[in-house]
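Accompanying notes for the structure given below.
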Amino acid sequence: YMVQWADRRRFTRAALMKTPPAPAWEHDIRWLCALATAARLSLIAYGMWHDANFRVKFTDVDYLVLTDGARHAWEGRSPFERATYRYTPLLAWLLTPNVFLHPAFGKVLFAVLDVVVGALIYRLCAVRTGLVDGGGGTGDSSAGRERSQQACALAACAWLFNPLAMGICARGNAEPLVCALVLGTLCALVERRLMLASLLYGAAIHVKIFPAIYAPALLLFLDEESYGGGRPRRGKTGDARAGTAWRAVRFFVGNPRRLVCIGIAAAVAALLTGLSFWLYGWDCLEQAYLYHVSRRDHRHNFSPYFYLIYLTFEEGLSGTAALLAFVPQLVVLAFLAVAFHRDIVFCCFLQTFTFVLFNKVCTSQYFVWYLSLLPAVLCFSALLQRRRRGALLVAVWIGGQALWLSFGFALEFEGRNVFWPLWAAGLLFFAANTAVVCAIIAHHHFAPVFRSRGRLVILQPGGAPAPSRTYHKSW
C-alpha cells in the first residue's frame, strides 16, 4: 500500500509540475546496461577459468588470430603475416593492449561495444516512440509514457541479455564493432544528424564490406520532401522527357543531403582503407576485403550453394557461375531498397537478413548482423500481440539451424560422409528463414520515419502510428 501511495504521489506531483516522472529502475537503460556489463564481465572471467582447466577452449579461434595480428602490429610487422588474419589492420592496432596490458582486453572492449549496441537499440526505439527530444511517449499521459519506456526497455533487453550476443562477445568475436557502427548510423539518421551518420557509415564500410548494401536505400531515404523538410519539387514539362543521365544528375545535385552523405561516407571509407593500404600494401586489400568477395567455404556453410562449392572446391567455380550467384542477391536487395526505404530501420534489417540468406557463404557469426537490428523492428511489430506466432517463428528458425548443426557435427567430429544430407538441411534452413522473414514483413506495420516537411512519425509499441504525435526538428 505504501509503495502504491508513493507512486501515486510521485505521478501527481509530476503532473502538477508538468514534468514527466522519472522511469522505474527496471526500465532505466542505465541500470540495464550496468547489469548487462556485469553479466558479460562475469562470462569473460568464467571463460578465462574454462580455458585454463578444459581441453576444449571457450575462447573463439578468431580472437587468437586477432591477438596474434595485434602482436605483429605492436612489433612493427604486418598483421597479415599471421595466417587467416582477414580483418582491417586498424582492428589489430585497437587490440594492441592485448599484448602489453592483458590478453582479455579485447574481450572487455567487445563486451562494452555489445552493451553500446543495446543502448543504441533503446535510443532508436525511444526516438520512434517520442520519448526523446521532448516527446512524452505514445500519448501525453503517464501511462502512455510508461508503456513506451517498457517497450523500449524490452527491446534493449532482447539484445543485452541475449545468450547468443553475450556468448559471442565474451568469446572474443569482433562483430559487436560493426553492429554498433550500423546502429549508430541509423540512430543518427532518425535524429537527423546527417554528418555523424555519414562518418559512422563510412567507418562501418571500412570495418566490414556488407554495410555498403544499404547505400541505395539510404540515398532514397534522404529525399527532399520528407527528410529534407522541403516542399515537393514540381518538375517542369521538359523534365518528363529528360534522359536517364540528366535524371541521375538531378538525383544528387538537386538534393545536397545526398551529396553530403555519399561524399563524407566515401571519404571516410577511402581514407581509412587508403591508410591501411599505405601501411601494409596489397596484402591488406587482398586479405581484408577481396577475400570476402571470392570466399568459398565447403564445410561451415548454411548456404544453398554449399554442395556446388564442395563439388567444385578444387578447380573453383567458373567466372560466369560466380557472377550468377550474385544475381538473386542483388535483385532482392534492390527490390527491398525501393519498396521499404522510407522505413529505413526495417529496410536495413530486411536487406541484412536477405543478404546473409542468399550469400554464397553463410556462417553463424553472420546472423549477429541482422539479429542486432531485430529488436528495433519487433518493438513496432504486430508479433508483440501474437506471441504464439512469434514463438513459432523462433522455433522454426532454431529448429532449422539445429537440424543443420546435427549433420555438421557428424561431418566435422565423426568424419561421416553426410555432404548430401547436410546440403538438404541447408535448403530446409533456407526455406525456414524465408518463411520467417515473410512472416515478419506480413506482421510489420509499415510507417515512414518522416512525413512531409520533415516531421517525425511517432509510433506506438506494436507499430500503430500515434495520432497527432509528430514533431519537427530542423536539419
Review point. For the residue pair G172 and L66, what are the closest heavy atoms and their distance?
Key: O-CD1, 4.2 Å
Review point. Quick check, are the ring centers of F54 and W49 under 6.0 angstrom apart?
Key: yes
Revision key, fill the gap. Separation between SG (C261) and CE (M195), nearest 0.5 Å, reads 10.5 Å
**Study point:** Polar contact flag, side-chain donor to acceptor under 3.5 angstrom, S78-H72
**Key:** no
Review point. Between the side chains of T59 and K107, does any donor sit under 3.5 Å from an acceptor?
Key: yes
Check your understanding: If you measure from SG on C347 to CG on L373, what distance do you get to the nearest 0.5 Å?
Key -> 11.0 Å
Exercise for review: Quick one: pull up CG in L428 and CD in Q401 and give me the separation to the nearest 0.5 Å.
Suggested key: 14.0 Å
Check your understanding: Counting N and O atoms only, with roles assigned by atom type, does the side chain of D60 sit under 3.5 Å from a partner on the main chain of N173, one being a donor and the other an acceptor?
Key -> no
Practice item. Applying side chain to side chain donor-acceptor pair (under 3.5 Å), run through T352 and Y214 and close with a yes or a no. Key: CA-CA 9 Å; T352 310; Y214 307 143; 2.4 Å; yes
Practice item. May I ask you to check whether over 12 heavy atoms, not counting those of W74, lie within 6.0 Å of atom CH2? Key: no
Practice item. Specify the closest pair of heavy atoms between I121 and A376, including all atoms of both residues, with the distance to one decimal. Key: CG2-N, 4.2 Å
Check your understanding: So, do R171 and Y63 sit near enough that their side-chain heavy atoms are less than 4.5 Å apart?
Key -> no
**Study point:** Beyond-backbone contact of F110 with L95, side-chain heavy atoms, under 4.5 angstrom
**Key:** yes
Point to revise | Donor-acceptor contact present, side-chain K57 to main-chain D51, <3.5 Å | key: yes
Study note, to complete from the structure: Separation between CD1 (I440) and CG (L383), nearest 0.5 Å, reads 7.0 Å
Check your understanding: Relative to Y280, does R77 satisfy both conditions: NZ or CZ under 6.0 angstrom from the six-membered ring centre, and within 45 degrees of the ring's axis?
Key -> no
Check your understanding: Are more than 12 heavy atoms from other residues, nucleotides or ligands located less than 6.0 Å from atom CZ of F335?
Key -> no
Point to revise | Closest heavy-atom pair and its distance - A111, C169 | key: CA-SG, 4.0 Å
Check your understanding: Are F446 and R342 side-chain neighbours, meaning at least one heavy-atom pair lies under 4.5 Å?
Key -> yes
Check your understanding: Side chains of H206 and Y289: donor-acceptor distance under 3.5 Å anywhere?
Key -> yes
Exercise for review: Answer yes if the ring centres of H444 and F346 are under 6.0 angstrom apart, and no otherwise.
Suggested key: yes
Review point. Between Y87 (side chain) and L90 (backbone), is there a donor-acceptor pair under 3.5 Å?
Key: no
Review point. Is a side-chain donor or acceptor of Q329 paired with a backbone partner of F355 at a separation under 3.5 angstrom?
Key: yes
Review point. Do V182 and S372 touch side chain to side chain, with heavy atoms closer than 4.5 Å?
Key: no
Point to revise | W278 (side chain) donor-acceptor with T273 (main chain) under 3.5 angstrom | key: no
**Study point:** Check: F429 ring centroid to F367 ring centroid under 6.0 Å
**Key:** yes
Review point. If only atom types and distance count, is the side chain of H341 paired as donor or acceptor with the main-chain N or O of V338 below 3.5 Å?
Key: yes
Practice item. Would you check if V207 and L91 make a side-chain contact, meaning some heavy-atom pair closer than 4.5 Å? Key: no
**Study point:** Ring geometry between F349 and Y370 (parallel below 30°, tilted from 30 to 60°, perpendicular above 60°)
**Key:** perpendicular
Check your understanding: What's the verdict on side chain to side chain contact (heavy atoms under 4.5 Å, CB included) for R128 and V190, showing C-alpha distance, side-chain angles and the deciding distance?
Key -> CA-CA 8 Å; R128 295 306 309 273; V190 173; 4.1 Å; yes
Exercise for review: Show the numbers, then the answer: is there a side chain to side chain contact (heavy atoms under 4.5 Å, CB included) between F161 and L32?
Suggested key: CA-CA 9 Å; F161 301 101; L32 294 176; 4.2 Å; yes
Practice item. State whether the side chain of N98 and the backbone N or O of G106 hold a donor-acceptor pair below 3.5 Å, judged by distance alone. Key: yes
Exercise for review: Using a 4.5 Å cut-off on heavy atoms from C-beta on, say whether the side chain of T84 contacts that of R86.
Suggested key: yes
Exercise for review: Give, for atom CZ of F450 and atom CG of D343, the distance between the pair rounded to the nearest 0.5 Å.
Suggested key: 11.5 Å
Check your understanding: How long is the span from the OG1 atom in T129 to the CG atom in L459, to the nearest 0.5 Å?
Key -> 8.5 Å
Review point. Does the separation of the ring centres of F409 and F407 fall below 6.0 angstrom?
Key: no
Review point. With a 4.5 Å limit on heavy-atom distance, are the side chains of L222 and L194 in contact?
Key: yes
Exercise for review: Decide yes or no on side chain to side chain contact (heavy atoms under 4.5 Å, CB included) for S276 and T88, but give the supporting numbers first.
Suggested key: CA-CA 8 Å; S276 303; T88 168; 4.3 Å; yes
Exercise for review: For the residue pair T434 and F430, establish whether any side-chain heavy-atom pair is separated by less than 4.5 Å.
Suggested key: yes
Practice item. List the atom of L199, the atom of I264, and the distance in Å for their closest heavy-atom pair. Key: CD2-CG2, 3.7 Å
Point to revise | Under 3.5 Å: donor-acceptor pair, side chain of Y201, backbone of P211 | key: yes
Check your understanding: What are the two closest heavy atoms between I205 and A212, and how far apart are they?
Key -> CG1-N, 4.1 Å
Exercise for review: Report yes or no: does T96 contribute a side-chain atom to a donor-acceptor pair with the main-chain N or O of A92 at less than 3.5 Å?
Suggested key: no
Review point. Do the ring planes of F210 and W369 sit parallel (below 30°), tilted (30 to 60°) or perpendicular (above 60°)?
Key: parallel
Review point. When you measure from the side chain of R258 to the backbone N and O of L219, does any donor-acceptor pair fall under 3.5 Å?
Key: yes
Review point. Which pair of non-hydrogen atoms, one from N359 and one from S303, has the smallest distance, and what is that distance?
Key: O-OG, 2.8 Å
Practice item. I would like to know whether M48 and F58 meet side chain to side chain contact (heavy atoms under 4.5 Å, CB included); could you show each step before the answer? Key: CA-CA 8 Å; M48 296 171 62; F58 179 83; over 6 Å; no
